[in-house]
Protein chains: 2
Amino acid sequence: MNIKEASEKTGVSSAAIRYYEKELLIPAIDRTDVGNRDIDDRIIRRIQFVTQMRAAGMSIENLRRYIQLFDAQEDNAKEQKTILKTQLAAMEEKRDDLQSAIDHLNYKLNHFYDHMETTEEELRELERQHAEKATDDETSEGDGYDNR
Amino acid sequence: MNIKEASEKTGVSSAAIRYYEKELLIPAIDRTDVGNRDIDDRIIRRIQFVTQMRAAGMSIENLRRYIQLFDAQEDNAKEQKTILKTQLAAMEEKRDDLQSAIDHLNYKLNHFYDHMETTEEELRELERQHAEKATDDETSEGDGYDNR
DNA sequence: CCTTGCCTTAAAGTGCACATGAAGGGTTAA
DNA sequence: TTAACCCTTCATGTGCACTTTAAGGCAAGG
């Protein structure tokens, strides 16, 4: 598969794929006899992984750090787990912030005022809902996996 | 309250507050006799609203569009709602993408392989969990508010 | 033979969201 | 009155994550 097909398959531009390769986010790609990239499904999956993590707000820098530990093939499982856990915590916080923002906009949508100020009452109401949810959550403290 | 105190109170830099004012994300701020900004709680709340929406991935451009419709005080409730709904949909998709990424990393953390490739089995497993969740969700289709 | 259309690399450009610096003014404290 | 901080505007710089451009190579079709 050439780079254009890979681009169409993943929705990532050809330039971005070259950029990811250069930045070591994906492995060095095999070349044809004339030097063109020949992309297989393993690379496609790596591109998709990068895309997913990028969409989730993981920086190129952090992604590279994480991936390079794997590629170094050493006894670094602990460090890899640390990076994963750090990133997970950041992503979960981001998800919760996002949910708060969603709640806030939903509130505005449902109690549609003629002004855009977030009033004291509105803040109290959002706070009330937040507290309610927190007590709900206490009853379902999971195993840390799939903890939406 | 001067700009430095407002900065400390909101965690937004003085430069960023000036930038938000210039970009019309917050109202024009009152000045003291010598021309210094005098920031009150209404402005503080607007800054916090901006911060929350920024953290949720709303662009300066979209925020300005939304806010200016309110400030124009016209018959634009419908358009405001449209913008809110569009942004909400984007945020909910982002939240779901984020959750998928969290699931993916949790999977890696719980089934810790010696390689970083996302295998076919892993993809199937993630897909299976996703399908499972989807059928779960059918049983609790809410009113569109607080639909985490 | 020439155009079309794909590819290559390297370098420079872009857009966003601020951060930083220059040049200057006001207020308080030793 | 000199320094230490606060503030102002305006202009320029910065970091990230690409995108675009430049300059060229290879292969097929008319």
Side-chain angles (χ1 to χ4, degrees), chain A residues 1-40 43-44 46-68 87 90 94 97 101, chain B residues 1-40 43-44 46-68 87 90 94 97 101:
Chain A
M1 184 188 333
N2 68 22
I3 199 167
K4 200 184 187 213
E5 291 162 334
S7 168
E8 281 157 7
K9 199 160 186 177
T10 59
V12 175
S13 77
S14 299
I17 293 174
R18 294 195 190 97
Y19 172 73
Y20 288 163
E21 186 188 16
K22 195 171 152 215
E23 297 297 321
L24 307 177
L25 303 189
I26 57 180
I29 301 173
D30 289 344
R31 303 307 178 107
T32 65
D33 47 0
V34 295
N36 291 5
R37 287 174 182 78
D38 185 17
I39 297 174
D40 61 20
I43 302 290
I44 294 290
R46 286 284 290 259
I47 293 169
Q48 287 165 343
F49 176 71
V50 169
T51 303
Q52 185 176 28
M53 295 304 144
R54 290 285 307 120
M58 194 174 193
S59 70
I60 299 291
E61 178 68 12
N62 276 340
L63 250 170
R64 183 176 30 225
R65 273 205 274 266
Y66 171 61
I67 287 168
Q68 282 182 340
Q87 184 61 31
K94 196 162 180 173
D97 287 352
Chain B
M1 185 188 327
N2 69 22
I3 199 167
K4 201 185 186 210
E5 290 162 336
S7 168
E8 282 157 7
K9 198 162 185 176
T10 59
V12 175
S13 75
S14 298
I17 293 174
R18 293 195 191 97
Y19 172 73
Y20 288 164
E21 186 187 19
K22 193 171 153 216
E23 296 298 319
L24 307 177
L25 303 189
I26 57 180
I29 300 173
D30 291 342
R31 303 307 176 107
T32 65
D33 47 0
V34 294
N36 291 5
R37 287 174 181 79
D38 184 16
I39 297 175
D40 61 20
I43 302 291
I44 293 290
R46 285 286 289 261
I47 293 170
Q48 286 165 345
F49 177 71
V50 169
T51 303
Q52 185 175 27
M53 294 305 143
R54 291 284 306 118
M58 194 173 193
S59 70
I60 298 291
E61 178 69 11
N62 276 340
L63 250 170
R64 183 174 35 223
R65 272 204 276 267
Y66 171 62
I67 287 168
Q68 281 181 340
Q87 183 62 32
K94 195 163 182 173
D97 287 352

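- B/Thr51 places a side-chain N or O within donor-acceptor distance of the main-chain N or O of B/Ile47, the cut-off being under 3.5 Å.
- Residue A/Arg54 is classed as a sugar-phosphate contact, given heavy-atom separations below 4.0 Å to backbone atoms only.
- When the P atom of C/dT8 is taken as reference, atom NZ of A/Lys4 falls 13 Å away, rounded to whole Å.
- Of the candidate nucleotides C/dT8, C/dA17, C/dC7, C/dA17 has the atom lying nearest to any side-chain atom of B/Tyr19.
- When distances are taken from the side chain of B/Ala15 to each of C/dT20, C/dT9, C/dC18, the shortest belongs to C/dT20.
- In summary, A/Glu21 and A/Arg18 do not engage in a salt bridge, as defined by a charged side-chain N under 4.0 Å from a carboxylate O.
- Put simply, the side chain of B/Val50 reaches to within 4.5 Å of the side chain of B/Ile26, judged on heavy atoms.
- In this structure, CG of A/Asp30 is placed 13 Å from P of C/dT8, rounded to the nearest angstrom.
- In summary, contact between chain B and DNA chain D, defined as any nucleotide atom under 4.0 Å from a heavy atom of the protein, begins and ends at D/dC6 to D/dT9 in the 5' to 3' direction.
- Along DNA chain C, the nucleotide closest to B/Asp33 and the one closest to B/Glu61 are compared, and the more 5′ of them pairs with B/Glu61.
- DNA chain D is contacted by both B/Ile3 and A/Asn36; B/Ile3 maps to the nucleotide lying nearer its 5′ end (nearest heavy atom per residue).
- You'll find the side chain of A/Arg46 reaches within 4.5 Å of the side chain of A/Ile67, heavy atoms only.
- A/Asn62 places no side-chain N or O within donor-acceptor distance of the main-chain N or O of A/Arg65, the cut-off being under 3.5 Å.
- At C/dT9, one or more side-chain N or O atoms of A/Arg37 fall inside 4.0 Å of OP1 or OP2 (strictly under the cut-off).
- If you take CD1 of A/Ile17 and P of C/dC6, they are 15 Å apart, rounded to a whole angstrom.
- With hydrogens and angles ignored, the 3.5 Å screen pairs no side-chain donor or acceptor of B/Asp30 with any backbone N or O of B/Ile39.
- Atom pair A/Glu5:CD and C/dC6:P shows a separation of 10 Å (rounding to whole Å applied).
- Here C/dA17 presents its P atom at 12 Å from CE of B/Met58, a figure rounded to the nearest Å.
- For C/dC7, one of the phosphate oxygens OP1 or OP2 lies less than 4.0 angstrom from a side-chain nitrogen or oxygen of A/Asn2.
- Counting to the nearest Å, the P atom of C/dC7 and the CD1 atom of A/Ile39 are 9 Å from each other.
- Heavy atoms of A/Ser13 sit under 4.0 angstrom from primed sugar atoms or phosphate atoms, though from no base atom.
- Between the side chain of A/Glu5 and the main chain of A/Asn2, a donor-acceptor pair closer than 3.5 Å is present.
- Between B/Arg18 atom CZ and C/dT20 atom P the separation is 13 Å, expressed in whole Å.
- In this structure, the CZ atom of B/Arg64 is 14 Å from the C1' atom of C/dC18, given to the nearest Å.
- Counting any heavy atom pair closer than 4.0 Å across all strands shown, A/Ser59 reaches sugar-phosphate atoms only and no base atom.
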